[in-house]
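Working notes, beginning with the structure itself.
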Amino acid sequence: MTTYIAPIEDMMFLFEKLRNNKNYNEIKKYEEVTPELVKNILEEAAKINQNIILPLAKTGDENPTVLENGVVITPPGYKEAYKKFIEDGWTSLSCDPKYGGQGMPKTVSAFFDEMLSSASLSFKLYSELSIGAYNCISHHASDSIKNKFLPKMVEGKWSGTMCLTEPVCGTDLGLLKTKAVEQSDGTFKLTGQKIFITSGDHDLTENIIHLVIARASDSPKGTKGISLFLVPKFIVKDDGSIGSRNGISTGSIESKMGIKGSATCVLNFDDATGYMIGPKNKGLSSMFTMMNLERIVVGIQGLGISEIAYQNSLNYAKERKQGNANNTKANNGADFIIEHADIRKSLLNMKSIIEGERALCFWLSQQTEVSLYHTDEKIRQEASDLVSLITPVVKALFTDMGMEITSDAMQIYGGYGYTKDQGIEQLYRDNRITPIYEGTNSVQAIDLVFRKLVNKNGDIIDKYISLIKKDILIKEEKINPFVKKLNENIEILFKFTNWVKEKSKNSKDDVSAACNDYLKVLGLVATAHAWVKVLEVSFKDYENNKKFYEEKIQTANFFFNRVLPRIESYYLTATSGSKYIMDFKFN
Ligand SMILES: Cc1cc2nc3c(=O)[nH]c(=O)nc-3n(C[C@H](O)[C@H](O)[C@H](O)COP(=O)(O)OP(=O)(O)OC[C@H]3O[C@@H](n4cnc5c(N)ncnc54)[C@H](O)[C@@H]3O)c2cc1C
């Protein structure tokens, strides 16, 4: 079984030392979220994740969720753990106190999301979609719906889902067939089939609140005719108590490569009663509130799984002896494999990516809070543009890197990584869904290049590049080599951006064939930017925590010399164009 120690020191470093974000600090409601409070929360979070949830990862993999007589049964131990999980208030961490939440900022809940992803992604998914549904309802529903449904969801007694996918529509939601017929009392009757629904049914909560997209009878075809509905598993009476079963049944659950403890359901809606959320035919934009926040959380899943893969590889490399390292003086039998340059390179690759990603995620969490709660509308809008630019980057880069890191972890373990005992191959299998769901990573890249670089508020990517350039004007001699390297790569990003903008006018296939590379280039620049912020503190505060900061500086050194230069090859391959790709005749 894998082991896991929550990286609290690194998290607290970010929370305490990278707080000097003026706009974020101006949000009054977080004034009382002090480092002491956050440290207490993270210590408690570490306990439940390390002691109670981590063992469920293996249990869930070996005893997948089953459907018996129409009832979905979660793996052994899930029910008890979930009960403790909600009793301790973990579902309410980032929710509004008005509905019983603890009102913690995303800078804190993101750390919890990371720990939970490291411990067990399958278990995490039961509460994750509830938080997503909570966010969507609290942004778009009427007060009466909010008051009726949110307190129980915040408490964790009711969970939530996101029902988009159907047999014929995954990426292209405009093809959806589920119908919604309005009733005389203003409610709707929904009929259709949804597939691949995470936590679509299970035995952990008293009720399940489905957020379903469907087409009202008189709505147009395509994405312009999609509305959003709240459809509970059990009808909720006016006094808030649970009534009769709604017209929703579980057709089957998927047998999957990974996340086997998570129930991925086929749901059949047969005249199920639903309530419209937000305006008619604007369902997709309402649903995007949920999807955008979810995409960041899926990125964090990749980060969390990478962290546990790294920790276990490091431990293994310190214990496993094979061969002599190049600089061994005498033949002493065999050295620990951590002495081999190739293994060290692999470990540092993981560490430098993970710590850079965590710092980038912290920055994005701050921006998300500013975009939601700053009092100045202009500042809110600017932050919102940055969040929309970096969200697909975090989703796709972190989950792709998760594949690289879990694969490298398996490689460090050799044959013992491929066989089941150590739990390493499970990390690879569990992570494999993250580049697929919540919009595939290619779809993230398409979204980035065709919709996010420039929007109605202007040239967002240019504003972002200017912001980075301003941020890295640091007059600290020791940072210069890092800043110089980042500037060289910003130049490549700049050239690549101009190429994309130019090709977008009349050569869209060139852009489509380049968009995954573009996303990685932007992602690596963004991660390097986050690293520079970390370095700034590391040099300034060096004397106060030499060991910690020395490790940071050396890890950054690896990132800037070994990871960041990947940018050039992405740029060169992508800008070779698409003609030879599109002209090829597949037989
Ligand atoms: C375990 C699991 C859990 C899931 N949970 C949920 C859930 O809770 N709720 C929910 O609604 N859905 C859920 N899904 C569905 C998931 O979001 C979809 O599988 C995903 O969005 C891709 O859709 P698809 O499978 O239909 O693939 P398709 O859309 O058919 O795509 C197939 C391939 O074509 C590519 N592609 C598609 N369109 C384009 C394009 N325009 N340009 C270039 N390439 C393109 C894709 O990138 C992909 O590589 C889940 C799926 C799984 C497996």
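All of these numbers come straight from a predicted model, not from anything done at the bench. Atoms within each ligand, like the ligands themselves, are counted from 1 in listed order.
At the top of the distance list for atom 20 (C) of ligand 1, counting protein heavy atoms only, stands I436 O, 3.7 Å. In terms of protein heavy-atom proximity, atom 9 (N) of ligand 1 is closest to M162 O, 2.7 Å. For atom 18 (C) of ligand 1, the nearest protein heavy atom (residue, atom name, distance) is T165 OG1, 4.3 Å. In terms of protein heavy atoms, atom 4 (C) of ligand 1 is closest to F196 O, 3.0 Å. Among protein heavy atoms, the minimum distance from atom 23 (O) of ligand 1 is reached at G170 CA, 3.5 Å. Counting only heavy atoms of the protein, atom 53 (C) of ligand 1 lies nearest to I433 CD1, 3.3 Å. Of the protein's non-hydrogen atoms, the one nearest atom 41 (N) of ligand 1 is I446 CD1, 4.5 Å. The protein heavy-atom contact nearest to atom 8 (O) of ligand 1 is T198 N, 3.0 Å.
Of the charged side-chain nitrogens involved, at least one lies within less than 4.0 Å of a carboxylate oxygen, so that E114 and R358 count as a salt-bridged pair. At a threshold of 4.0 Å, the pair K106-D113 does not count as salt-bridged, since none of the basic side-chain nitrogens sits closer than that to a carboxylate oxygen. R566 and E404 are joined by a salt bridge, as a carboxylate oxygen and a charged side-chain nitrogen come within less than 4.0 angstrom of each other.
Below 3.5 Å of separation, one finds no N or O of Y437 facing any N or O of ligand 1.
Close contacts between ligand 1 and S442 involve ligand atoms 47 (O) [criterion: under 4.0 Å to a heavy atom]. Of all atoms in ligand 1, numbered sequentially from 1 with element shown, those under 4.0 Å from a heavy atom of K256 are 1 (C). Within ligand 1, the atoms closer than 4.0 Å to a non-hydrogen atom of E438 are 17 (O), numbered from 1 in the order shown.
Closest heavy-atom contact between L284 and L173: CD2-CD1, 3.8 Å.
No hydrogens or angles considered: a donor-acceptor pair under 3.5 Å links the side chains of T273 and K189. Between the side chains of S219 and N281, at least one donor N or O lies within less than 3.5 Å of an accepting N or O. No donor-acceptor contact under 3.5 angstrom links the side chains of D509 and S578, judged on distance only.
By the definition of a contact as any protein heavy atom under 4.0 Å away, atom 29 (O) of ligand 1 is in contact. By the definition of a contact as any protein heavy atom under 4.0 Å away, atom 15 (C) of ligand 1 is in contact. Shown here, atom 43 (C) of ligand 1 is in close reach of the protein: a heavy atom of it lies under 4.0 Å off. For atom 35 (C) of ligand 1, no protein heavy-atom neighbour is present inside the 4.0 Å cut-off.
By the 30° and 60° cut-offs, the orientation of the rings of Y78 relative to F123 is perpendicular.
Centroid-to-centroid, the aromatic rings of Y126 and F85 stay 6.0 Å apart or farther.
Not one N or O on the side chain of H210 forms a donor-acceptor pair closer than 3.5 Å with the backbone of V212.
Taking a 6.0 Å sphere around NZ of K157, one finds it holds 12 or fewer heavy atoms contributed by other residues, nucleotides or ligands.
Comparing V168, T171, I195 against atom 31 (O) of ligand 1, the shortest heavy-atom distance belongs to T171.
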